[in-house]
There are 2 protein chains.
Amino acid sequence: MDDGRATTTRGGENLLFLTDEQLRQGIEAMFFAYRGFTADPDRILSDMAYGRAHHRAIHFINRAPGTTVNNLLNILGVTKQSLNRVLRTLIEDGLVESRVGTSDKRERHLFLTEDGHALESRLSDAQRARMRTAFRDAGPEAVAGFRTVLEAMMDTEMHRTYQRLKESGA
Amino acid sequence: MDDGRATTTRGGENLLFLTDEQLRQGIEAMFFAYRGFTADPDRILSDMAYGRAHHRAIHFINRAPGTTVNNLLNILGVTKQSLNRVLRTLIEDGLVESRVGTSDKRERHLFLTEDGHALESRLSDAQRARMRTAFRDAGPEAVAGFRTVLEAMMDTEMHRTYQRLKESGA
DNA sequence: CTTGGAATGTCAACAAGGCTGACTTAAACT
DNA sequence: AGTTTAAGTCAGCCTTGTTGACATTCCAAG
């Protein structure tokens, strides 16, 4: 299926970055980097009764205040039962507020409370700090490349979601 | 703590890639890309009684045949109870072989069987195919940047582990 | 106005895959 | 001989995902 060899090709284009060894290094880099990526928030959350799922919910509610449950479901890619369990605890603990929709009263619009914003800041400050250091150490060209490859790795569905979020940003 | 603004600075260096908005996009790109990254193997594994944990074990046993349990534990960053549950099923199902060490008989050296290699290929072919497409679409410079940022995101411990693996490769 | 379907929520049961703690066995080191 | 190390095992717990069934509310089309 693959001879693992790719040196130079048509037009003198260098495709050495497509050898199996290079691909494997990319795969392993993804594995280790994702661990680093989640390490800081995980540490903060382990002290509480929360986990990564709570972090994700909080992140995207903060990102798009007033978002509906259904919308959040599509972004997170989990079942409503799974999300509901997380949301229920966050609402009970007073970190998230759920307001009945005005135009469509079936919908619930989600907002962070003051306490919710406080936790969101703690979590994303930690994660941003790591990202900032990595970005600074790597430099602007590397960051551009990083983003290009990550976008190419997404499914088309997720990529659309990501683009929509990106455009809605500040 | 952070005013979220970073335009240009000393030496005319452009630090626009360090704004909070840029960092958030990086964070969200990581989130969505990791889902894409694991999607194909997950699909294959969901038909069997295996999960992502089995995939990881198989990957690294294939990467470093004869590795000890302790070594695998350090790479994966889980408890031995957690890993043992996975290894036991893989050994029972005849995908992994565990050989008593020759110099130190306390150690067990792990190898993939023929069936193990077959599954490993199915899984990594799918993952590599996605990575290859992403790399090809993004181009060599982007790939270099991708790797640079990912390495900068790792904890120093993980980074050492990653480097060791990288150097041991082909 | 009624009925079908959509959005949401809830209950129950289950599985994967993390974790801690306690304990055993065998081998190696001191 | 005694301690440490590598590995394995048992029991129990947690988070977070799943499916399936079902209730409620409400919009919208017939």
Side-chain angles (χ1 to χ4, degrees), chain A residues 31 34-35 38-39 41-61 66-93 96-110 123, chain B residues 31 34-35 38-39 41-61 66-93 96-111:
Chain A
F31 170 68
Y34 197 77
R35 279 239 301 270
T38 57
D42 281 357
R43 247 189 302 277
I44 294 170
L45 290 161
S46 70
D47 296 339
M48 322 182 203
Y50 296 141
R52 229 175 260 183
H54 299 84
H55 180 197
R56 292 198 279 261
I58 288 175
H59 173 95
F60 285 109
I61 293 172
T67 187
T68 63
V69 173
N70 226 15
N71 187 30
L72 204 49
L73 238 39
N74 290 329
I75 292 172
L76 295 174
V78 295
T79 58
K80 65 175 176 175
Q81 293 91 331
S82 211
L83 175 59
N84 189 254
R85 176 169 37 201
V86 166
L87 281 181
R88 200 184 334 163
T89 65
L90 289 174
I91 291 168
E92 279 170 6
D93 296 353
V96 167
E97 197 194 340
S98 167
R99 292 184 210 153
V100 173
T102 47
S103 64
D104 187 335
K105 290 176 188 167
R106 288 168 302 180
E107 294 180 343
R108 300 298 137 88
H109 298 277
L110 303 169
L123 294 172
Chain B
F31 169 68
Y34 197 77
R35 280 238 302 269
T38 56
D42 281 358
R43 245 188 304 275
I44 294 170
L45 289 161
S46 70
D47 295 338
M48 322 183 204
Y50 297 140
R52 226 175 263 183
H54 299 84
H55 180 196
R56 291 198 281 263
I58 287 174
H59 173 96
F60 286 109
I61 293 172
T67 187
T68 63
V69 173
N70 230 7
N71 187 31
L72 203 50
L73 240 38
N74 290 328
I75 292 172
L76 296 175
V78 296
T79 59
K80 67 173 176 176
Q81 293 92 328
S82 216
L83 175 60
N84 189 254
R85 178 169 35 198
V86 166
L87 279 182
R88 199 174 7 188
T89 65
L90 289 174
I91 291 168
E92 279 170 6
D93 296 352
V96 167
E97 196 194 341
S98 167
R99 292 183 209 154
V100 173
T102 46
S103 63
D104 188 335
K105 290 175 188 167
R106 288 171 306 179
E107 295 179 340
R108 301 297 139 87
H109 299 278
L110 303 169
F111 301 86

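Computed from heavy atoms alone, side chains included, the values below leave out hydrogens, waters and symmetry copies. Below, chains carry the letters A, B, ... as their sequence lines are ordered, and counting in each starts from 1.
Look at CZ on A:R88: it is 16 Å from P on C:dT8, rounded to the nearest Å. For the pair B:L76 CG and C:dC19 P, the interatomic distance rounds to 10 Å; values are reported in whole Å. A straight line from CG of B:L87 to P of C:dA16 spans 16 Å, rounded to a whole angstrom. Across the protein-nucleic acid pair, A:R99 atom CZ and C:dT8 atom C1' stand 18 Å apart, rounded to whole Å. One interatomic measurement links the two molecules: CZ of B:R56 to P of C:dG17, which rounds to 8 Å at whole-angstrom precision. Between the C1' atom of C:dT10 and the CD1 atom of A:I91 lies a distance of 13 Å, rounded to the nearest Å.
Along DNA chain D, the nucleotide nearest to A:R52 and the one nearest to A:R106 differ in position, and the one closer to the 5' end is contacted by A:R52. Taking for each of A:R85 and A:S98 the nucleotide of DNA chain C with the nearest heavy atom, the 5'-most of the two is the partner of A:S98. With DNA chain C read from its 5' end, the first of the two nearest nucleotides for B:K80 and B:L83 is the one closest to B:L83. Nearest-nucleotide positions on DNA chain D for A:G51 and A:D104 put A:G51 closer to the 5' end.
The shortest heavy-atom contact between A:I61 and A:L110 is CG2-O, 3.7 Å. Nearest heavy atom pair, residue B:G51 against residue B:L45, reads O-CD1, 3.3 Å.
Two rings, from B:Y34 and A:F31, have their centers 6.0 Å or more apart.
Under 4.0 Å is where a charged nitrogen must lie from a carboxylate oxygen, and between B:R99 and B:E97 at least one such pair does.
Between the NZ atom in A:K80 and the CG atom in A:L83 there is a gap of 11.0 Å [rounded to 0.5 Å].
Here C:dA22 is the nucleotide among C:dT8, C:dA22, C:dG9 with the atom lying nearest to any side-chain atom of B:Q81. Relative to the side chain of B:S82, the nucleotides C:dT8, C:dG17, C:dA27 differ in distance, and C:dG17 lies closest.
At a threshold of 4.0 angstrom between heavy atoms, the contacts of A:S46 with the nucleic acid are absent. Counting non-hydrogen atoms under 4.0 angstrom, A:H55 reaches nothing in the nucleic acid.
Checking the phosphate oxygens (OP1, OP2) of C:dT8, no side-chain nitrogen or oxygen of A:N84 falls inside 4.0 Å.
Judged by distance alone, the side chain of A:R35 and the main-chain N or O of B:L76 form a donor-acceptor pair under 3.5 Å.
Identified under the side chain to side chain donor-acceptor pair (under 3.5 Å) test for residues 46-58 of chain A, with sequence neighbours left out: A:T38-A:R52, A:D42-A:R52, A:Y50-A:D93, A:H54-A:T89.
In the 5' to 3' direction, nucleotides of DNA chain D lying under 4.0 Å from heavy atoms of chain A begin and end at D:dT15 to D:dC27.
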